[in-house]
Amino acid sequence: MTGSHGYASVRYVVDDVAAAVDFYTTHLDFQLGADAAPAFAEVVRGPLRLLLSGPVSSGARATPADAATPGRNRIHLTVDDLAAEIARHRAAGLPFRSEVVAGPGGQQILLADPAGNLIELFQPAGQTG
């Protein structure tokens, strides 16, 4: 099976496609790909293709009602300087869902998109900003 242009794709069901596109392109360095708002859009960052499916999209309509809320899954974005990313996103008023957590692999914090989906910002251990 082959992916779309070599991307790994993740689908997030969102309440507002335009707000989600603005969030990912403005704050997290994604580039807009396909745009069929208000139903659907895709944003791309490196090898990640994030499919943003609005309430009227086929992706959202296929979601069972008991699984329609944002889940515990999240995309994982590696950053060079976690402290700088946190400061930048806090200055923009973005909602964090955790404090920084450190472990043997590095440090991470969870950010929420406008629909409540989680994004993990991760700085590997031994990497200083």
Side-chain angles (χ1 to χ4, degrees):
M1 178 182 286
T2 60
S4 176
H5 307 291
Y7 294 121
S9 297
V10 173
R11 181 182 309 279
Y12 269 172
V13 176
V14 299
D15 300 326
D16 182 331
V17 173
V21 166
D22 181 60
F23 173 84
Y24 285 99
T25 59
T26 299
H27 301 294
L28 297 174
D29 299 324
F30 280 79
Q31 300 298 312
L32 179 62
D35 186 1
F40 168 85
E42 72 176 21
V43 292
V44 176
R45 177 179 163 165
L48 174 60
R49 177 176 170 245
L50 187 56
L51 310 172
L52 303 169
S53 297
V56 298
S57 70
S58 60
R61 291 192 321 266
T63 304
D66 64 347
T69 59
R72 297 178 61 160
N73 297 319
R74 58 188 176 241
I75 60 172
H76 171 100
L77 301 177
T78 301
V79 299
D80 293 327
D81 185 341
L82 185 60
E85 290 295 312
I86 292 169
R88 181 169 71 91
H89 296 315
R90 281 203 171 122
L94 301 185
F96 284 96
R97 296 297 311 272
S98 74
E99 296 300 322
V100 173
V101 176
Q107 299 180 65
Q108 64 188 25
I109 193 167
L110 298 178
L111 181 66
D113 77 5
N117 294 302
L118 298 176
I119 300 98
E120 176 182 323
L121 302 178
F122 176 80
Q123 180 178 328
Q127 182 175 317
T128 58

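Residues take their numbers from the sequence shown, with the count starting at 1.
Contact check for Asn117 versus Ile75: no side-chain heavy atoms found under the 4.5 Å cut-off. Two residues are said to be in side-chain contact when any heavy atoms from C-beta on lie closer than 4.5 Å; His27 and Leu111 fail this criterion. With a 4.5 Å cut-off on side-chain heavy atoms, Thr78 and Pro124 count as touching. Considering only heavy atoms from C-beta on, Arg88 stays 4.5 Å or farther from Leu94 through its side chain. Between Arg74 and Tyr12, the closest side-chain pair of non-hydrogen atoms falls below 4.5 Å.
Shown here are the salt bridge (Lys or Arg N to Asp or Glu O under 4.0 Å) partners of Arg97, two or more places apart in sequence or in another chain: there are none. Val100 is linked by a side chain to side chain contact (heavy atoms under 4.5 Å, CB included) to Leu82, Ile86, Gln107, Ile109, counting only residues two or more places apart in sequence or in another chain. Checked against side chain to side chain contact (heavy atoms under 4.5 Å, CB included), Ala37 has the following partners two or more places apart in sequence or in another chain: Val17, Asp35.
The CD atom of Gln31 sits 12.0 Å away from atom CD of Glu42, with the distance rounded to the nearest 0.5 Å. Taken from CG in Leu50 to OH in Tyr7, the straight-line distance is 12.5 Å, to the nearest 0.5 Å. Here His76 contributes atom NE2 and Leu110 contributes atom CG; the two are 11.0 Å apart, rounded to the nearest 0.5 Å.
Of all non-hydrogen atoms in Ile119 and Ala112, the two that sit nearest each other are CD1-C, 4.2 Å. Heavy atoms only, all atoms of each residue included: Ser57 and Ala39 are closest at CB-O, 3.2 Å. The minimum heavy-atom distance between Ala125 and Pro104, with the atom names listed, is CB-O, 3.5 Å.
Each of Leu52, Leu77, Val21 was checked for a side chain to side chain contact (heavy atoms under 4.5 Å, CB included) with Phe30, and the lone residue meeting it is Leu77.
Grouping the Ile, Leu, Val, Met, Phe, Trp and Tyr side chains by contacts below 4.5 angstrom, directly or via other members, places Val101 apart from Leu118. Grouping the Ile, Leu, Val, Met, Phe, Trp and Tyr side chains by contacts below 4.5 angstrom, directly or via other members, places Phe122 apart from Val10. Both Leu28 and Val43 are members of a single hydrophobic cluster when ILVMFWY side chains are connected at heavy-atom separations under 4.5 Å. Following chains of ILVMFWY side-chain contacts shorter than 4.5 Å, one cannot reach Phe40 starting from Val56, and the two form parts of different hydrophobic clusters.
Under the 6.0 Å distance and 45° angle rule, Arg45 does not count as a cation-pi partner of Tyr24.
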